[in-house]
There are 4 protein chains.
Amino acid sequence: MQSEARSGRPVIGRPRSEGSREAILAAVRDLLLKGGYASLTFEGVAKRAGVSKATIYRWWRSKGELVLEASGDAIRIGLVPDTGDARADIVAAIDQLIGTFSNRLASIVIFAAITTAAEDRAMAQALRDRIIYPWRRSAAEALERAQERDELAHNDIVFLLDLIVGTVFQRTLVVKDPVVEGLKDNLMAIVLRRRDSGPTGSG
Amino acid sequence: MQSEARSGRPVIGRPRSEGSREAILAAVRDLLLKGGYASLTFEGVAKRAGVSKATIYRWWRSKGELVLEASGDAIRIGLVPDTGDARADIVAAIDQLIGTFSNRLASIVIFAAITTAAEDRAMAQALRDRIIYPWRRSAAEALERAQERDELAHNDIVFLLDLIVGTVFQRTLVVKDPVVEGLKDNLMAIVLRRRDSGPTGSG
Amino acid sequence: MQSEARSGRPVIGRPRSEGSREAILAAVRDLLLKGGYASLTFEGVAKRAGVSKATIYRWWRSKGELVLEASGDAIRIGLVPDTGDARADIVAAIDQLIGTFSNRLASIVIFAAITTAAEDRAMAQALRDRIIYPWRRSAAEALERAQERDELAHNDIVFLLDLIVGTVFQRTLVVKDPVVEGLKDNLMAIVLRRRDSGPTGSG
Amino acid sequence: MQSEARSGRPVIGRPRSEGSREAILAAVRDLLLKGGYASLTFEGVAKRAGVSKATIYRWWRSKGELVLEASGDAIRIGLVPDTGDARADIVAAIDQLIGTFSNRLASIVIFAAITTAAEDRAMAQALRDRIIYPWRRSAAEALERAQERDELAHNDIVFLLDLIVGTVFQRTLVVKDPVVEGLKDNLMAIVLRRRDSGPTGSG
DNA sequence: AATTAACCGAGACGGTACGTCAGGTCTTGAC
DNA sequence: GTCAAGACCTGACGTACCGTCTCGGTTAATT
């Protein structure tokens with residue numbers, strides 16, 4: 001969101017101070033981890049980063065943009081590999097999802113994004129484009145590969161994606177169940193056609 | 001949360017004005033529907049309800065409490081019936097979930113609750129106690145009845161509940177897919193042991 | 001300006017804090033004497049008075065109003081007496097003018113008022129109504145009494161008033177001549193018909 | 001103030017752009033006439049002149065200097081001639097004063113100068129050197145010529161100068177009386193010894 | 001013609017103050 | 001004892017200018 005704009009800027013005038021930029025983003029991260037999204041303020045970021053408010057406003061128009069850029073790779077879910085083993089690929093996809101959702105900074109940002117998204121279209125779009133959709137596309141491909149080999153227990157891939165994301169979200173971020181090991185196995189049992197015996201579990 | 005406090009108040013002195021209470025809650029509903037949770041302010045509620053801020057603060061300590069009480073039945077998911085037909089009961093449970101999540105006022109409140117919950121333990125507890133848990137308990141019973149008849153495709157009932165809630169949440173509130181008809185069928189196909197032929201769907 | 005408004009306020013609600021009011025006005029006086037009008041800021045007044053900016057803005061809409069009220073009696077020129085001795089009365093009028101213009105706080109306020117007046121009609125009006133006009137009216141009466149006894153050297157009383165005020169302003173506030181003793185005598189010699197010998201002076 | 005600095009600059013290197021200089025001074029004049037001194041900003045001048053802020057700061061250190069130079073001849077009161085007719089010379093002196101004080105741009109600058117002078121010694125000096133003192137010296141000479149012929153009604157020439165300047169300032173810039181015709185006659189009657197009949201006027 | 005020093009535009013930057021808004025708390029008099 | 005009114009301190013909002021500071025590029029007299 002910002003990098004594109006930056007690279008497109010004219011080369012005249014005093015160049016942007018990368019030191020300030022880094023100080024700001026670091027301050028955002030620190031404050032998010034310390035007090036969450038709601039209590040994050042431009043004023044506080046400016047003070048902690050040793051930067052003027054105007055400098056922040058010059059480059060980020062909203063708290064959302066700021067947080068999205070500050071969180072950086074923490075919320076960037078890795079792409080799902082294509083190893084030839086569809087089952088392993090899907091396991092990897094779920095692992096990546098759980099890994100990101102379990103990251104504290106990421107969870108704060110994801111909550112913030114979901115909430116803000118309800119009132120801010122641009123933010124919602126950015127959230128989808130940066131966090132979920134890249135993973136979703138590569139995860140969809142992994143599911144398609146499984147489907148071609150008739151390994152999938154369900155034909156509606158979009159539904160399966162919503163199921164996986166929704167269940168992981170519910171378990172890690174809403175219920176905050178720290179034991180997520182069973183989660184992955186259970187999801188695999190749901191998604192893939194059972195080969196011989198059904199999965200076990202205790203509710 | 002509030003009713004307890006209220007019933008514990010002294011019986012002498014001027015009684016609480018029910019008119020004010022209703023005006024406040026109505027104002028909250030109006031303002032939530034108009035501008036969402038983030039732009040809801042005590043100041044604005046007081047102005048619209050024709051009430052002083054102090055009166056609101058006397059009875060509700062936070063925006064969360066206020067919203068939770070104002071939303072009232074809109075977010076109260078009905079209990080799952082026991083008709084003897086486990087399949088029908090589970091369908092009813094999912095319907096209730098989708099119905100509530102599709103309600104505009106309820107969706108605003110649920111978002112607010114989830115977000116606030118990340119920073120406010122009391123709010124998180126209230127959310128669970130009032131919105132999800134009653135449904136969850138009776139839905140669990142319906143699933144148990146199905147399990148006893150060996151109709152369930154999966155043994156981990158807690159997992160199934162998270163799966164149902166998470167998927168519905170994802171589809172209705174995050175992706176905001178207005179077509180939720182297939183959602184119910186797909187969920188049923190996942191939850192219940194397939195009787196003859198597998199379910200169909202196209203993502 | 002403020003007292004009228006205050007007395008006309010409704011008797012309901014929390015009454016205005018007189019302590020805050022006095023602290024604010026004292027802070028304004030201190031800061032004016034320390035740094036002049038230009039460097040006086042709402043922010044600074046709030047800080048020094050231990051008061052919030054909003055409280056200042058609630059009661060005074062502009063720096064001008066604030067300064068005008070803070071200066072209070074320092075800029076209020078006394079009324080000219082009617083002792084029966086027209087010459088003595090006019091001397092008193094000039095003394096009052098010089099006395100006020102020589103007061104440091106008053107001079108700051110008068111400068112501010114004149115300057116602001118160029119861009120703020122209300123301020124100009126307030127300046128005239130509070131500082132100059134009351135004096136001017138009673139001074140005009142003293143001049144008229146002298147005129148009736150044929151003691152005036154000039155028939156145009158309005159001109160004489162402008163002459164007195166203008167000359168005193170020029171000498172005390174623009175040229176900042178600390179020796180103003182001759183000023184009074186010289187003005188008297190100009191205003192009154194010479195009785196026997198002409199006035200003397202050496203510039 | 002500026003010419004000295006400019007003439008002392010090195011003769012090598014790129015010479016100062018006179019186009020920028022003129023654009024800046026013209027912008028200052030426009031903005032002064034449009035919004036007065038208080039709302040004049042370096043930022044605004046730079047924008048309107050199509051010039052960078054740094055260029056303005058390079059040549060003028062303060063708003064005062066900028067305005068003083070921009071106003072140029074508008075505030076430069078002409079020298080009083082020596083025609084041999086002392087009365088006519090004094091009339092000319094007063095006319096020049098009234099003429100300058102009635103000029104809109106000049107009046108803005110004079111107010112600005114007086115105000116700034118209260119807090120800025122250098123500005124006060126510049127104001128005196130450029131606006132009032134040249135006129136004052138030549139007007140003093142005209143009064144001295146009249147004094148030598150015993151035409152002066154008052155011996156204190158410095159006082160008379162303050163009286164003239166003060167009264168004209170008061171009438172034209174404070175009271176803003178547009179009818180200044182009587183002003184000149186009245187001042188002449190005060191300054192010069194009456195020859196036969198006394199002056200007339202109606203207050 | 002090449003060098004060179006000063007000029008200039010653009011604009012980022014740390015600041016200070018602006019005027020506004022809402023959060024919570026309080027004080028008063030009326031009911 | 002509750003209520004409406006509303007004053008109050010606090011703290012953040014988003015904006016405007018301040019005066020300073022790089023930059024990339026231009027301009028003309030001096031070599």
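Letters A, B, ... mirror the listed sequences (proteins, then strands); counts begin at 1.
Rounded to whole angstrom, the span from the CG atom of B/Leu66 across to the C1' atom of E/dG23 amounts to 14 Å. In this entry the distance linking CD of D/Glu43 with P of E/dG9 reads 15 Å, nearest Å. Here the P atom of nucleotide F/dG1 and the CZ atom of B/Arg58 are 12 Å apart, to the nearest Å. Computed from coordinates, the C/Arg61 CZ to E/dT20 P distance equals 11 Å when rounded to whole Å. Counting to the nearest Å, the P atom of E/dC7 and the CD1 atom of A/Ile12 are 21 Å from each other. At whole-Å resolution of the value, CD1 in D/Ile24 and P in E/dG9 are 7 Å apart. The NZ atom of C/Lys63 sits 11 Å away from the P atom of E/dA17 (whole-angstrom rounding). Separating the CZ atom of B/Arg48 from the C1' atom of E/dA22 is a distance of 18 Å, rounded to the nearest angstrom.
When each of B/Thr55 and A/Phe42 is assigned the nucleotide of DNA chain F bearing its nearest heavy atom, the one mapping closer to the 5' terminus is B/Thr55. When each of D/Pro15 and B/Lys53 is assigned the nucleotide of DNA chain E with its nearest heavy atom, D/Pro15 is the one assigned upstream, toward the 5' end. Nearer to the 5' terminus of DNA chain F, by closest-nucleotide assignment, is the contact made by B/Gly50 (compared with the other of A/Ala54 and B/Gly50). Toward the 5′ end of DNA chain E lies the nearest nucleotide of D/Ser20, the other residue of the pair D/Ser20 and C/Gly44 mapping further downstream.
In this structure, C/Ser52 reaches the F/dC9 phosphate: one of its side-chain N or O atoms is under 4.0 Å from OP1 or OP2.
With sequence neighbours left out, D/Thr41 forms a side chain to side chain donor-acceptor pair (under 3.5 Å) with no residue at all.
Counting heavy atoms from C-beta outward, D/Ile24 and D/Leu66 have side chains that approach closer than 4.5 Å. Under the 4.5 Å side-chain criterion, counting only non-hydrogen atoms from C-beta, B/Val51 is not in contact with B/Val45. Side-chain contact between C/Trp60 and C/Leu68 is absent, with no heavy-atom pair separated by less than 4.5 Å.
Among E/dG23, E/dA12, F/dT15, the nucleotide with an atom closest to any side-chain atom of A/Trp59 is E/dA12. With distances taken from any side-chain atom of B/Tyr57 to the nucleotides E/dT25, E/dC13, F/dC13, the minimum falls on E/dT25.
Figure legend: D/Arg16 and D/Trp59 shown as a cation-pi pair, the cationic atom lying under 6.0 angstrom from the six-membered ring centre and within 45 degrees of its axis.
Residue-to-nucleotide contacts include a donor-acceptor pair under 3.5 Å from the side chain of A/Arg14 to the base of F/dC21.
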